[in-house]
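Below is one structure, written out as structure tokens; comments come after it.
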Amino acid sequence: MLPLVALVGRPNVGKSTLFNAFTRTRDALVHDQPGVTRDRNYGVCRLNEDHPFLVVDTGGIAGEEEGLAGATARQARAAAAEADLILFVVDAREGPMDDEILSWLRKLARPTLLLINKIDGMNEDTVRSEFARYGFGEMLTVSAAHRQGLDDLLDEVVERLPEEGTTETLDTDPNRIRIAFVGRPNVGKSTLVNRLLGEERMIASEVPGTTRDSIAVDMERDGREYRLIDTAGLRRKARVEEVVEKFSVIKTLQAIEQCQVAVLMLDASEGVTDQDASVLGAVLDAGRALVVAINKWDGLTDYQREQAEALVSRKLGFVPWAEVVRISAKHGSGLRELFRCIHAAHASATHEFSTSEVNKALEVAYETNPPPAIRGHVSKLRYVHPGGSNPPTFIVHGTRLKDLPESYKRYLENFFRKRFKLVGTPVQFIFREGV
Ligand code: GDP
Ligand code: GDP
């Protein structure tokens, strides 16, 4: 499970600026893709590669009690209550005027770090002595807007997070594919999961829970083994009260983190909504293999099917590598194809490349189409080595790589995809200057 960090503070202290700084994607897997929307409250910080953590911006959590009706706000409040670390953000310019939140935090009694933001242009000693009365042993000062002090902040945060990290429920059995069925409420996740588990009568030993009651279930289908990672569907079956909180962003993010293949479920009659796009963005950020399942295909006329096809292919045009299957969770149709895609995606995502085969590929790609000169400079690609799987990662070494155009990077990606027949998974290229 990813540890959870909650940003708590009055409006305007800089929480969302911090949130954005934390959750900005570092590498080029997603960039700012049209078609990907970002959840403004929930994200994963991957700035420290070895210690990713969940970030929740609880904007508006105190202050406006009345406005807490929305499920998102309720979730944010609950998130703060079970956060591994709370960043209590205050404003250096405004001075200490956060007493309401302070007393709420005292009652909550979670590990809390006082973070004084907007320190730019302020006298640090003065500010510190002002906030001393809050009684925190330690205070951190940053300027989120100017990205000052964020490296130190990141170190402090990581140091305070629980050790167990992400590997706890990671299952290294190569024969068992970890799948998460993800999507917004009502697309049919639990119908599908229940059907899958029901079909195979001999269900499902629950995998012993980790912290914060995560649930995974193992199942077998056509002689293959799978682990279904904590999805709404599983939970609904296991715990009735989960129905109340139908869609938990945090659990979705956790499930994505722990799976190898994410099956993004869509409702055929509703196309691709913003919420779908936000779940998709989380899958891509995490670098997980992806299969898109358009559910409720049974209920549609031919005309509606055409419409749905067109809409989905337009909205998902930017992930051309993802396979799309049409299913009916209700009637159980399309499931064989769904599992074929899951296997293909898993095989691509976890393939182990040899250094020689990837170098051969780079050589051929380079000779077929060398990088163009940019302002008189030509990038040289010297060699490449495999840098990991799920997603397949290739580390390219060379010179003047800063001048390598995006279009050439896409060419390389497509070349590798084609040559190694990679489907259903993002592919990551990392460019390193020098030898
Ligand atoms: P939130 O309401 O707590 O999420 O606060 P925002 O992140 O929206 O920031 C509120 C305002 O403070 C915005 O105008 C930001 O540009 C500004 N701001 C955020 N961080 C800093 C900072 O480090 N220094 C300065 N001077 N302004 C900041
Ligand atoms: P979840 O919130 O994503 O877990 O969605 P549910 O599994 O609870 O399904 C929401 C609603 O859609 C329920 O009323 C289901 O009966 C219905 N539903 C699920 N799958 C299908 C399907 O394949 N076809 C049709 N027509 N309805 C479905």
Side-chain angles (χ1 to χ4, degrees), residues 6-23 40-41 55-64 71 76 87-94 98 101 115-122 124 127 140-150 153 180-198 228 230-238 240 242-248 251-252 255 263-270 273 275-276 279 293-301 304-305 308 325-335 338:
L7 299 170
V8 174
R10 288 184 299 115
N12 268 324
V13 295
K15 293 182 300 300
S16 57
T17 308
L18 273 165
F19 176 84
N20 290 335
F22 273 135
T23 58
R40 280 174 290 120
N41 294 100
V55 192
V56 181
D57 178 358
T58 65
I61 193 164
E64 38 168 343
L87 292 181
F88 175 25
V89 188
V90 298
D91 187 329
R93 277 144 211 261
E94 300 270 325
D98 317 84
I101 297 185
L115 186 61
I116 308 174
N117 187 32
K118 309 195 192 181
I119 198 67
D120 45 289
M122 301 295 289
E124 180 147 350
V127 171
L140 278 183
T141 52
V142 297
S143 169
H146 297 92
R147 303 192 63 84
Q148 275 166 26
L150 294 185
L153 169 61
F181 293 100
V182 294
R184 66 196 163 75
N186 282 323
V187 293
K189 297 180 297 298
S190 58
T191 305
L192 178 61
V193 168
N194 290 339
R195 168 170 283 276
L196 289 173
L197 296 179
L228 306 187
D230 188 351
T231 65
L234 293 183
R235 315 200 120 252
R236 190 103 35 105
K237 228 182 149 197
V240 180
E242 285 293 331
V243 180
V244 181
E245 215 63 274
K246 272 187 128 186
F247 183 62
S248 163
K251 301 217 161 95
T252 302
V263 177
L264 175 67
M265 289 185 66
L266 304 174
D267 183 327
S269 61
E270 300 192 19
T273 68
Q275 212 172 14
D276 296 321
V279 177
I294 314 180
N295 189 33
K296 309 195 189 180
W297 203 245
D298 55 280
L300 303 186
T301 64
Q304 286 170 321
R305 287 182 178 180
V325 290
R326 292 115 198 116
I327 65 169
S328 167
K330 196 170 171 181
H331 300 298
S333 54
L335 301 189
L338 173 64

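Just so you know, ligand 1 is whichever comes first in the structure, and atom 1 is the first atom listed for that ligand. Computed from a predicted model, the values in this text were never measured in an experiment. Heavy atoms only: backbone and side chains are in, while hydrogens, waters and symmetry mates are out.
- Annotation: W297 places no N or O atom under 3.5 Å from an N or O atom of ligand 2; distance criterion only.
- Looking at residues two or more places apart in sequence or on another chain, you find no ring pair (Phe, Tyr, Trp, His ring centres under 6.0 Å) involving F19.
- Under the side chain to side chain contact (heavy atoms under 4.5 Å, CB included) rule, F22 has a single partner from V55, T17, L150, D57, which is V55.
- Among N186, V182, L192, the one residue that satisfies the side chain to side chain contact (heavy atoms under 4.5 Å, CB included) test with M265 is L192.
- Taking S333 as the reference, nothing meets the side-chain hydrogen bond (donor to acceptor under 3.5 Å, both in side chains) condition, with sequence neighbours excluded.
- Residue contacts with ligand 2: G299 is placed with no nitrogen or oxygen under 3.5 Å of a nitrogen or oxygen of the ligand (distance criterion only).
- Side-chain N/O atoms of S328 and H331 include no donor and acceptor closer than 3.5 Å.
- Every residue two or more places apart in sequence or in another chain that forms a side-chain hydrogen bond (donor to acceptor under 3.5 Å, both in side chains) with D91 is listed here: K118.
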Write out each pair where an N or O from ligand 1 and one from the protein are under 3.5 Å apart, with the distance.
from	atom 1	to	atom 2	distance (Å)
ligand 1	2 (O)	N12	N	2.7
ligand 1	3 (O)	N12	N	3.4
ligand 1	3 (O)	V13	N	3.2
ligand 1	3 (O)	G14	N	3.0
ligand 1	3 (O)	K15	N	2.8
ligand 1	3 (O)	K15	NZ	2.8
ligand 1	4 (O)	K15	N	3.4
ligand 1	4 (O)	S16	N	2.7
ligand 1	4 (O)	S16	OG	2.9
ligand 1	5 (O)	G14	N	3.0
ligand 1	7 (O)	S16	N	3.3
ligand 1	7 (O)	S16	OG	2.9
ligand 1	7 (O)	T17	N	2.8
ligand 1	7 (O)	T17	OG1	2.6
ligand 1	8 (O)	S16	OG	3.0
ligand 1	12 (O)	K118	NZ	3.0
ligand 1	20 (N)	N117	ND2	3.1
ligand 1	23 (O)	N117	OD1	3.2
ligand 1	23 (O)	D120	OD1	3.4
ligand 1	23 (O)	S143	OG	3.0
ligand 1	23 (O)	A144	N	2.9
ligand 1	23 (O)	A145	N	3.2
ligand 1	24 (N)	D120	OD1	2.7
ligand 1	26 (N)	D120	OD2	3.0

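- A donor-acceptor pair is defined here as one N or O able to donate and one able to accept, closer than 3.5 Å; no such pair exists between the side chain of K296 and the backbone of S269.
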